[in-house]
Amino acid sequence: MELKLYNTLTRQKELFEPLNPAKVKLYTCGPTVYNYAHIGNLRTYVFEDLLRRILEFNGYQVNHVMNITDVGHLTSDADEGEDKMLKGAKREKKTVWEIAEFYTQAFLEDMDRLNMLKPHIKPKATDHIETMINQIKQLEENGSTYTAGGNVYFDTSKLDDYGKLAQLDKQELQAGARIEVDKNKKNPHDFVLWFTKSKFLEQEMQWDSPWGQGYPGWHIECSAMAQKYLGEQMDIHCGGIDHISVHHTNELAQAEGSTNIKPWVKFWMHGNFLVLKNKEKMAKSGENFLTLQGLSDKCYDPLDYRYFCLQSHYRKELRFDWEGMNAAKTGLRRLREKVCALNTTEKTPVSAIPQSHVDKFEAAINDDLNLPEALAETWGLIDDPNISDANKLATIKEFDKVLGLKLNEKTDFCIPESIQSLIIDRNNARKEKDWGKSDKLRDQIQEAGFIVKDGTCGTEVQPK
Ligand code: AMP
Ligand code: ZN
């Protein structure tokens, strides 16, 4: 079946054909590890995980690279603002290296808890300074750089098509007044490739370079590391929509400016934002952001959040609220209950595979990752009375390779309904501090053959 993906570069859905069918090259911009990822960041990573799973579902092998930014990213995404790593270090009175290590691990744990596939390569920016220096040297040889005030800049006027990804037209490029202009820049959109005259004197991370001791600008890490691990061209490059106008525009300029090979990337794909009430964007630098752990503390399973994300198309803004989270939690629980209730011992001939459901599911995911439709189709399958339990289960397992909801794993949701209702009664009794009733209900559940565990999120039971 054809796979169509929306390409930000052309602003349309296009048929996906890989550069080399043997292996699809995928690069996704990774986290800046100065704080926990918030659930908005995680929405973008869930979208990228779904993309990877869908490519694999279509039979492609994927080489997935995701960088870890541990140097050079300023709070503005351009060359202004505070150094994010330094900000984290000051906040926690640790070294930037300790901060980077801690939040990298925290991020990888979040990926696990959301059942995301691990990238095949996770290069850290600080391990690739030489690769970046080499790319800056190539740009210098091609005449795309200049040095001013001690820093090395990319000269955007040297590329005819600078800004093509963001569709910045020339007029807008001239209207630099809207950007906070660094006096050293020849053109408003020029950006730093290498800082030597650091405005952050306490910057711990500094390296020798042909232009003096200093550290790289943020954008160079992605173009340099992507080319190191994926070669001069790649199939798909992803990130959140905020990356279109600055970070990805500048990565593209560096990559194509250094090799003169176009296009560097065939498909650019961007996930829309998770927003709060009043359309406010969730941001790490803001005070109020929610983490995955924050959701767990409120007794949501990380996969409840994955289900929440799956209910909305990745190119649409998604509004976060607790009603939505509760609905997602209930939806996932019901779906699991139904999967658990399937009779797995029943045998049915293979010919009875529910092809129409499979076709609809595939059509949905291959239509630019239409997960809301694919999820609806999963429900359609489970509720279809004309399909045997064995075939439902086999098909759900296939669908779950994309959904990643661990639908076929035996969990406490396989507990019979009669016991589920005793658990609910017991949770209510505990809320009302009716300890006598709660003890009686515990005995009843235990007598029925289950172990009872009381946690902060209520009673959990397991078969003995
Ligand atoms: P950062 O760690 O700040 O570099 O961001 C990591 C990823 O999250 C990037 O791809 C961003 O585009 C994306 N992102 C940032 N804020 C949001 C948000 N509110 N909703 C969805 N994605 C976001
Ligand atoms: Zn990047």
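Judged purely by distance below 3.5 Å, without hydrogens or angles, the side chains of Thr28 and His64 pair a donor atom with an acceptor atom. No donor-acceptor contact under 3.5 angstrom links the side chains of Asn41 and Tyr36, judged on distance only. For the residue pair Gln135 / Gln227, a side-chain donor-acceptor distance below 3.5 Å is found, with atom types taken as modelled. If you check the side chains of Gln355 and Asp359, you find a donor sitting under 3.5 Å from an acceptor. Checking Asn58 against Asn366 by side-chain atom types alone, a donor-acceptor pair falls below 3.5 Å. A donor-acceptor contact closer than 3.5 angstrom is absent between the side chains of Asp155 and Ser144. When only modelled atom types and interatomic distance are considered, Asp367 and Asn370 share no side-chain donor-acceptor pair under 3.5 Å. Side-chain contact of Ser209 with Gln213: a donor-acceptor pair under 3.5 Å is absent, judged by distance alone. Glu251 and His237 form a side-chain donor-acceptor contact under 3.5 Å, judged by distance and modelled atom types alone. A donor-acceptor contact closer than 3.5 angstrom is absent between the side chains of Asp70 and Tyr103. Between the side chains of His248 and His243, no donor N or O sits under 3.5 Å from an acceptor N or O.
Under a 3.5 Å cut-off, the side chain of Thr8 and the backbone N or O of Trp268 do form a donor-acceptor pair. Judged by distance alone, with hydrogens and angles left aside, the side-chain atoms of Asp400 form a donor-acceptor pair with the main-chain N or O of Lys406 at under 3.5 Å. Panel note: side chain Glu373, backbone Phe361; no donor-acceptor pair is recorded below 3.5 Å. Judged purely by atom type and a 3.5 angstrom limit, Asn7 uses its side chain to pair as donor or acceptor with the backbone of Leu9. Formation of a donor-acceptor pair under 3.5 Å by the Glu256 side chain with backbone atoms of Trp264 is found in this model. Using a distance-only test at 3.5 Å, with no hydrogens or angles considered, a donor-acceptor pair links the side chain of Asp190 to the main chain of Asn187.
A cation-pi geometry, defined here as NZ or CZ lying under 6.0 Å from the six-membered ring centre and within 45° of its normal, does not hold between Arg43 and Phe273. Taking the ring centre of Tyr60 as origin, the terminal cationic atom of Lys23 falls outside the region bounded by 6.0 Å and 45° from the ring axis. Geometric assessment of Lys338 against the ring of Trp379 yields a negative cation-pi assignment under the 6.0 Å and 45° thresholds.
Taking the six-membered ring for Trp, His128 and Tyr229 have ring centres closer than 6.0 Å. In this structure, the ring of Tyr153 has its center no less than 6.0 angstrom from the ring center of Phe191. Between Phe308 and Phe320, the gap from one ring centroid to the other is short of 6.0 Å. Trp322 has its ring centre less than 6.0 Å from the ring centre of Tyr300.
Remark: Tyr162 OH to Leu165 CG distance equals 10.0 Å, nearest 0.5 Å. Atoms CZ and CD1, on Phe399 and Ile382 in that order, are 10.0 Å from each other to the nearest 0.5 Å. Interatomic distance, Met132 CE to Met225 CE, rounded to the nearest 0.5 Å: 5.0 Å.
Salt bridge Asp301/Arg333: absent, no basic N to carboxylate O contact under 4.0 Å. Using a 4.0 Å cut-off between charged side-chain N and carboxylate O, Glu48 and Arg52 make no salt bridge.
Each of Leu5, Ile365, Asp49, Val62 was scored for a side chain to side chain contact (heavy atoms under 4.5 Å, CB included) with Ile54, with one residue passing: Ile365. Considering Tyr45, Tyr34, Phe102 in turn, Tyr45 is the only one that fulfils the ring pair (Phe, Tyr, Trp, His ring centres under 6.0 Å) rule with Phe107. Checked against Asp368 for a side chain to side chain contact (heavy atoms under 4.5 Å, CB included), the options Glu14, Lys4, Lys13 give a single hit: Lys13. Tested against His357 for a side chain to side chain donor-acceptor pair (under 3.5 Å), the candidates Glu362, Glu377, Lys392 yield a single pass: Glu377.
For Glu130, the CD atom sits in a loose shell: 12 or fewer heavy atoms of surrounding residues, nucleotides or ligands are nearer than 6.0 Å. Within a 6.0 Å sphere centred on CZ of Arg91, heavy atoms belonging to other residues, nucleotides or ligands number more than 12. A 6.0 Å sphere centred on NZ of Lys164 holds more than 12 heavy atoms belonging to other residues, nucleotides or ligands. The number of heavy atoms from other shown groups lying within 6.0 Å of NZ (Lys298) does not exceed 12.
Ring orientation note: the planes of Tyr215 and Phe195 are close to parallel, at an angle under 30° on the 30°/60° scale.
Between Gly30 and Thr69, the shortest heavy-atom contact is O-OG1, 4.5 Å. The shortest non-hydrogen separation linking Asp235 to Lys25 is OD2-N, 2.8 Å. Listed here is the closest heavy atom pair of Gly404 and Arg53: CA-NH1, 3.7 Å.
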Could you walk me through whether Cys457 and Cys299 pass the disulfide bond (SG atoms under 2.5 Å apart) check?
CA-CA 5 Å; Cys457 293; Cys299 301; 2.1 Å; yes
